[in-house]
Amino acid sequence: MITVVIASYRYGHLAAHCIESLLSQTVSPSRVLFVDDGVGDCEHLPGLYPTVEYVLRPENLGVVDNFQDMLSRVETEYVLFIGADNWLRSDSIELLSGATTDIVTYDIVVTGELKDEILTRVPGQTQPYLGDFYWDREAQHHGSMLYRTALGKEIGYQNRFVNAHPQEDWNLWDKMMEQGASVASIKEGLLFYRRHRENFLKYDPESLAVKELDLN
């Protein structure tokens with residue numbers, strides 16, 4: 001019922017942790033797709049985790065085209081994208097498997113060497129949590145929200161809107177909301193969002209006054 005797409009861009013040194021978090025789920029996802037968008041640092045993974053399906057691109061497509069292509073490969077009712085530098089709690093797919101709405105969102109645990117960035121980026125939105133930070137995302141989007149595949153394909157990541165936000169997941173969420181998508185929230189920190197030196201998104205302290213969250 002659920003396909004998980006793991007997206008990597010310069011995350012080859014961290015990707016095994018993400019893959020292991022999917023393989024150790026209490027309820028397995030129907031399919032795990034892994035994509036390296038043209039960096040070439042993930043060639044070791046198929047030998048380690050042969051049950052995962054791989055797309056190791058020879059050239060970089062960029063986030064939007066990469067995500068659009070991977071979404072086109074999904075055949076299950078629901079899909080979840082996750083950055084290869086992040087990971088899911090081991091009961092996440094079990095909890096998400098009961099989905100009946102168009103979108104299911106859930107909370108985030110912000111962790112990693114540079115986790116303190118989140119305090120500047122979204123001041124007042126997180127709470128200390130076991131040495132990390134807990135981010136309540138009830139009824140709010142993020143890049144690893146679960147969504148109905150057919151609705152996602154209808155809108156598409158490549159459908160860029162006038163004056164749209166640069167984050168592809170926020171655009172997708174906004175368009176889903178415009179079409180009256182139903183949303184459920186799980187009040188659990190299921191996604192561990194790692195802030196580290198090789199994050200694809202680098203934040204300028206002078207331009208941190210934004211509400212978006214892209215987890216890739």
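Heavy-atom basis, side chains included; hydrogens, waters and symmetry copies ignored.
Taken to the nearest 0.5 Å, the CE atom of Met177 stands 8.0 Å off from the OG atom of Ser182. Of the inter-residue distances, the one linking Thr126 atom OG1 with Asp107 atom CG reads 12.0 Å to the nearest 0.5 angstrom. Between the CD1 atom of Ile108 and the CD atom of Glu188 there is a distance of 14.0 Å, given to the nearest 0.5 Å. In this structure, the separation between CD1 on Ile2 and CD on Glu94 is 11.0 Å, given to the nearest 0.5 Å. Annotation: the span from Asp36 atom CG to Arg10 atom CZ amounts to 12.0 Å, rounded to 0.5 Å. Note that the OG atom of Ser21 and the CD1 atom of Ile93 stand 8.5 Å from one another [nearest 0.5 Å].
Contact annotation: the side chain of Val183 never approaches that of Thr101 to less than 4.5 Å [non-hydrogen atoms, C-beta and beyond]. Within the 4.5 Å cutoff, the side chain of Leu80 has heavy atoms near those of the Val4 side chain. Met176 is listed as a side-chain neighbour of Leu151, based on a closest heavy-atom distance under 4.5 Å. Using a 4.5 Å heavy-atom cutoff, the side chains of Tyr9 and Val63 are not in contact. No side-chain heavy atom of Asp85 sits less than 4.5 Å from a side-chain heavy atom of Arg195. Residues Glu154 and Gln179 are in side-chain contact: their nearest non-hydrogen atoms beyond the backbone lie under 4.5 Å apart. With a 4.5 Å cut-off on side-chain heavy atoms, Leu33 and Ile6 do not count as touching.
When the side chains of ILVMFWY residues are joined at heavy-atom separations under 4.5 Å, either directly or via intervening members, Tyr78 and Leu191 end up in a single hydrophobic cluster. By the rule that hydrophobic residues join a cluster once side-chain heavy atoms approach within less than 4.5 Å of another member, Val52 and Trp87 end up as members of separate clusters. A continuous path of Ile, Leu, Val, Met, Phe, Trp and Tyr side chains, each step under 4.5 Å between heavy atoms, connects Trp135 with Val104, placing both in one hydrophobic cluster. Cluster annotation: Val64 is connected to Val79 through the hydrophobic network of ILVMFWY side chains, with a link wherever side-chain heavy atoms come within less than 4.5 Å. Under a hydrophobic-cluster definition in which Ile, Leu, Val, Met, Phe, Trp and Tyr are linked whenever side-chain heavy atoms come within less than 4.5 Å, directly or via other members, Tyr134 and Ile118 are assigned to different clusters.
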Let me see the working for Thr105 and Gln140 under side-chain contact (heavy atoms from CB on, under 4.5 Å), right down to the final yes or no.
CA-CA 7 Å; Thr105 188; Gln140 300 180 68; 5.6 Å; no

Dump the intermediate steps for side-chain contact (heavy atoms from CB on, under 4.5 Å) on Ser8 and Val35, then the final yes or no.
CA-CA 6 Å; Ser8 183; Val35 58; over 6 Å; no

May I have the step-by-step check of side-chain contact (heavy atoms from CB on, under 4.5 Å) for Asp136 and Gln125, ending in yes or no?
CA-CA 7 Å; Asp136 185 335; Gln125 293 189 30; over 6 Å; no

side-chain contact (heavy atoms from CB on, under 4.5 Å) for Phe34 and Val55? Distances and angles first, verdict last.
CA-CA 6 Å; Phe34 184 100; Val55 177; over 6 Å; no

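One finds a salt bridge joining Arg148 and Asp102 here, because a Lys/Arg side-chain nitrogen approaches an Asp/Glu carboxylate oxygen to under 4.0 Å.
Residue pairs meeting the side chain to side chain donor-acceptor pair (under 3.5 Å) criterion with at least one partner in residues 54-65, sequence neighbours excluded, are Asp37-Asn60, Arg57-Asn66, Arg57-Asp69, Asp65-Gln158. Listed by first and then second residue, the salt bridge (charged side-chain N to carboxylate O under 4.0 Å, His left out) pairs that reach into residues 38-48 come to none, sequence neighbours excluded.
Residue Gly112 comes nearest to Asp132 through the heavy atom pair N-OD1, 4.5 Å, listed as atom of the first residue, atom of the second, then distance. Between Tyr49 and Ala16, the shortest heavy-atom contact is OH-CB, 3.6 Å. For Ile103 against Ala181, the heavy-atom pair with the smallest separation is CD1-CB, 4.1 Å. Between Val32 and Pro29, the closest heavy-atom pair is CG2-CG, 3.6 Å. Of all heavy-atom pairs between Asp91 and Arg89, the closest is OD1-NE, 2.7 Å.
Annotation: Glu113, atom CD; neighbour count of heavy atoms from other residues, nucleotides and ligands within 6.0 Å is above 12.
Residue His142 is tested with Tyr106, Tyr193, Phe81 for a ring-ring contact (aromatic ring centres under 6.0 Å, His included); the sole match is Tyr106.
Put simply, the side chain of Ser24 gets close to the backbone of Glu20: a donor and an acceptor are under 3.5 Å apart. The backbone N or O of Arg194 sits less than 3.5 Å from a side-chain atom of Asn86, completing a donor-acceptor pair. Put simply, the side chain of Ser90 never gets that close to the backbone of Gln25: no donor and acceptor are under 3.5 Å apart. Formation of a donor-acceptor pair under 3.5 Å by the Gln68 side chain with backbone atoms of Tyr157 is found in this model.
Relative orientation of the His13 and His196 rings is perpendicular, given thresholds of 30° and 60° on the angle between their planes.
Not a single ring pair (Phe, Tyr, Trp, His ring centres under 6.0 Å) links Phe133 to another residue, sequence neighbours left out.
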